[in-house]
Amino acid sequence: MSTPEQNTDDIILSLENVSRYFGNIIALNDITLRLIRGEVHCLLGDNGAGKSTLIKTLAGVYQPSKGTYRVDGKPVHFTSPKDALDLGIATVYQDLALVPLLSVARNFFMGREPQKKLFGLLNVMDLETCATTARDKLAEMGINVRDPHQPIGTMSGGERQCLAIARAIHFGARVLILDEPTAALGVKQSFNVLKLIHKARAKGISVIFITHNVHHAYPIGDSFTLLNRGRSLGTFTKQTISKNEVLDMMAGGAEMQKMIGELEGATI
Ligand SMILES: Nc1ncnc2c1ncn2[C@@H]1O[C@H](COP(=O)(O)OP(=O)(O)O)[C@@H](O)[C@H]1O
Ligand SMILES: [Mg+2]
């Protein structure tokens, strides 16, 4: 959807007419999407709509087959997720990339553990600093960990989701992409994840929140893009669309209504 009145400096990343093909399959078809600095942008759509393909394109896992990907207004050509991370674009996938047997603290740092010198010579991981930093940073995000040395496998799904998000924020994400973070969670745990998204936005982080649950998306979202079979049905700000309209669009409600109208008008 073109928004000529939008100041381009306000756009942290954008896809302009991006398509992505897998052989004959058109996973994304001419998508234009603009993420405004500091907003929570919800990406909605049914299974197979192209949501994961879209975020993997943003994350540098896939390259667009057509179209332009811009970050801070400049075209980018990512060849790996590291290229995206280097620009502060962090993605939290559904499988989270956590190691169940490692401690909460080690999972928080994951290869970026602070070091200390043993006997003034050997560089070793400073596990105590890891533990206190992880505990403090998680507490700042409203996640209270009893013992940061405990294996992460002992945390609930919601807590793990929150840890993965808190980790991305701590390591300097400017853009946080969350693929269905509430899909496997109950009401209370989903609420904790939504609170964390709220906190991320308060820190000025721009968020892309993928979900097919409108009840999770609507309260927290500033804008909404609906995907349907690889195409965008447009981006709508919260001021311009009601929760029921989002619901309708997701359920194909408008299409259904039209078909029913045609049926009623027909003389059988
Ligand atoms: N690596 C791939 N190879 C072939 N087809 C794919 C691949 N990834 C996704 N697709 C196809 O692209 C379409 C969109 O998939 P996906 O992005 O996973 O949707 P969503 O995340 O919204 O469920 C589907 O038809 C899917 O089968
Ligand atoms: Mg998906």
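Both counts, for ligands and for their atoms, begin at 1 and track the order of listing.
When A49, G48, G230 are ranked by how near their heavy atoms come to atom 24 (C) of ligand 1, first place goes to G48.
Taking the centre and axis of the six-membered ring of Y218, the NZ or CZ atom of K238 falls inside the cone set by 45° and 6.0 Å. In this structure, R167 forms no cation-pi arrangement with F171, as its terminal cationic atom is not both closer than 6.0 Å to the ring centre and no more than 45° off the ring axis.
If you check which protein heavy atom lies closest to atom 11 (C) of ligand 1, you get I25 CG2, 4.0 Å. The nearest protein atom to atom 6 (C) of ligand 1, hydrogens excluded, is given as F22 CD1, 3.5 Å; this is a heavy-atom distance. Annotation: atom 12 (O) of ligand 1 to nearest protein heavy atom, A27 CB, 3.3 Å.
Side chain of R37 to main chain of D9: a donor-acceptor pair is present (N/O by atom type, distance under 3.5 Å, no hydrogens or angles).
Ligand 1 has an N or O atom lying under 3.5 Å from an N or O atom of S52, backbone or side chain.
Side-chain rings of F209 and H41 stay apart, their centers remaining 6.0 Å or farther from each other.
Contacts between L54 and ligand 1 below 4.0 angstrom, taking non-hydrogen atoms only, are absent altogether. The residue Y21 has no part lying near ligand 1, judged by heavy-atom distances below 4.0 Å. The backbone and the side chain of T53 each have at least one atom closer than 4.0 Å to an atom of ligand 1 (non-hydrogen atoms only).
Summarising the geometry of H77 relative to D83, their closest heavy-atom pair is O-OD2, 4.4 Å, with the distance given to 0.1 Å.
Side-chain atoms of L58 and T91, non-hydrogen and from C-beta on, never get closer than 4.5 Å to each other.
Less than 4.0 angstrom separates some heavy atom of Y62 from each of these atoms of ligand 1: 1 (N). For ligand 1 and D46, the ligand atoms under 4.0 Å from any heavy atom of the residue are 22 (O). Every atom of ligand 1 is numbered from 1 in the order shown, and the set under 4.0 Å from a heavy atom of N47 is 23 (O).
The 12-atom threshold is not exceeded at CZ of R231, counting heavy atoms of other residues, nucleotides or ligands nearer than 6.0 Å.
Distance remark: protein heavy atom not present below 4.0 angstrom from atom 27 (O) of ligand 1.
Once rounded to the nearest 0.5 Å, the distance linking OG1 of T53 with CZ of F22 reads 4.5 Å.
Here N47 does not reach the Mg ion (ligand 2): none of its N/O/S atoms is less than 2.8 Å from the metal.
Salt-bridge check for D222 with R201: passed, with a basic side-chain N closer than 4.0 Å to an acidic carboxylate O.
Using a 4.0 angstrom heavy-atom cutoff, G50 counts as in contact with ligand 1.
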